[in-house]
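Some notes on the structure that comes next.
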Protein chains: 2
Amino acid sequence: MFNSSVLLKEYDLKVTPQRVAIVEELYRNGHMNIDELYQSLLKKFPSISLATIYKNVNAMVEKIFLNEVKIPEAKSVYELAKEEHSHLICSSCGKIEDIYIDTSVLNDSVATISDFKVKDTKVVFSGTCSDCQKSSK
Amino acid sequence: MFNSSVLLKEYDLKVTPQRVAIVEELYRNGHMNIDELYQSLLKKFPSISLATIYKNVNAMVEKIFLNEVKIPEAKSVYELAKEEHSHLICSSCGKIEDIYIDTSVLNDSVATISDFKVKDTKVVFSGTCSDCQKSSK
DNA sequence: ATATCTGCAAATGCTTTGCAGGGCA
DNA sequence: TGCCCTGCAAAGCATTTGCAGATAT
């Protein structure tokens with residue numbers, strides 16, 4: 001079962017209610033940008049400061065316990081770190097989904113035509129999610 | 001031969017010396033962020049304004065004649081639009097290279113496990129360029 | 001001729017910083 | 001208790017906007 005306090009401790013971050021809430025919101029929603037996190041935490045902590053969100057998100061990113069996902073034509077979102085995966089971005093509704101596909105073929109292609117040593121491969125697909133395909137019919 | 005005036009006209013942008021310079025710098029350097037463009041144009045136009053750079057880059061991006069490339073842990077860079085390609089980012093020196101590999105296999109993988117309709121696939125590889133591999137030996 | 005562009009200055013927005021009080025270990 | 005965290009306010013950057021004069025077509 002998912003336990004945000006344990007997670008925070010593992011990464012040497014003191015357990016505070018605000019941090020727990022950040023982690024749990026991300027766990028529930030998958031991907032959120034700074035402002036979505038702020039709006040969401042405001043409900044639980046009416047006097048929480050945006051600065052607190054920034055400080056904590058930055059701290060968690062530094063501990064490599066959150067990842068920043070940069071998205072074409074939109075604000076970055078954050079997600080809990082997990083095994084390598086790619087992202088599907090719906091241009092119509094903005095929804096972001098994870099997708100687990102094998103991208104290692106690409107690394108092989110790079111290796112055959114270049115001397116570049118690949119450490120990390122990020123893939124972002126833009127297009128239309130299945131909900132938006134239906135509703136546009 | 002490369003002709004920036006023709007290019008600007010094709011995209012319904014008035015040909016000004018500043019715009020020509022932006023296009024030519026990008027043509028020569030491949031990828032530049034806003035500040036690099038500004039510093040570079042300052043040499044030719046000592047009184048050019050950052051606002052002019054922003055306005056023009058934004059206009060060119062809207063005309064889909066420049067692309068913004070979002071890079072992990074660095075500022076976005078801009079490049080002249082060209083056929084679809086991927087990017088190699090050297091984590092050591094920051095250099096950005098284009099690489100032309102076929103990414104359509106990934107779209108097939110997505111299609112088999114998801115209903116998402118892919119329109120565009122962006123791939124960014126991070127790692128070490130060949131120069132930096134040599135110099136670290 | 002005129003619509004658009006440039007450069008300047010101001011405004012806006014986003015993110016970070018410093019600090020005093022409060023909370024977790 | 002002691003160090004770290006929070007919230008507030010201010011500072012710092014990045015980007016956009018409005019405007020008057022200049023420029024491209």
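Residue numbers begin at 1 in each chain, while the letters A, B, ... track the order of the sequences.
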Is [X] near enough to [N] that one of its side-chain N or O atoms lies under 4.0 angstrom from OP1 or OP2?
X       : N      : answer
A:Gln18 : D:dG7  : yes
B:Asn58 : D:dT15 : no
A:Thr16 : D:dT6  : yes

[X] has a side chain; which of [options] sits nearest to it?
X       : options                : result
A:Ser47 : D:dT6, C:dC24, D:dG7   : D:dG7
A:Lys14 : C:dG23, C:dT17, D:dT16 : C:dG23
A:Lys75 : C:dA25, C:dT6, C:dC14  : C:dC14
B:Ala51 : D:dC8, C:dA25, D:dT16  : D:dT16

Exercise for the section: Looking at every strand, decide which applies to A:Pro17 at a 4.0 Å heavy-atom threshold: base, sugar-phosphate, or nothing. Expected result: sugar-phosphate

Exercise for the section: Could you tell me whether A:Thr52 contacts a base, only the sugar-phosphate backbone, or nothing, with contacts defined as non-hydrogen atoms closer than 4.0 Å? Expected result: base

Nearest-angstrom distance from the residue atom [atom1] of [X] to [atom2] of [N]:
X       : N      : atom1 : atom2 : result
B:Ile53 : D:dT17 : CD1   : P     : 17 Å
A:Leu50 : D:dG7  : CG    : C1'   : 11 Å
A:Asn33 : C:dG13 : CG    : C1'   : 14 Å
B:Asp12 : D:dT25 : CG    : C1'   : 13 Å
A:Ile22 : D:dC5  : CD1   : C1'   : 12 Å
A:Arg19 : D:dC5  : CZ    : C1'   : 6 Å
A:Asn56 : D:dC4  : CG    : P     : 14 Å
B:Asp35 : D:dA14 : CG    : C1'   : 10 Å

Practice task
Look only at the side chain of B:Arg19 and the backbone of B:Lys14, and say whether a donor-acceptor pair between them is shorter than 3.5 Å.
Solution key: yes

Fill in the blank from the handout: Of B:Leu13 and B:Ile34, the one whose nearest nucleotide on DNA chain D sits closer to the 5' end is B:Ile34

Practice task
Evaluate whether atom NZ of B:Lys95 has more than 12 neighbouring non-hydrogen atoms of other residues, nucleotides or ligands under 6.0 angstrom away.
Solution key: yes

Practice task
Check whether any side-chain heavy atom of A:Lys122 lies under 4.5 Å from a side-chain heavy atom of A:Val69, and answer yes or no.
Solution key: no

Practice task
Mark yes or no for a side-chain to base donor-acceptor pair under 3.5 Å between A:Lys55 and C:dG18, with no hydrogen or angle criteria applied.
Solution key: yes

Practice task
Please work out which of the three classes, parallel, tilted or perpendicular, describes the rings of B:Tyr100 and B:His85, given edges at 30° and 60°.
Solution key: tilted

Exercise for the section: Could you label the plane-to-plane angle of the A:Phe2 and A:Tyr27 rings as parallel, tilted or perpendicular, counting under 30° as parallel and over 60° as perpendicular? Expected result: parallel

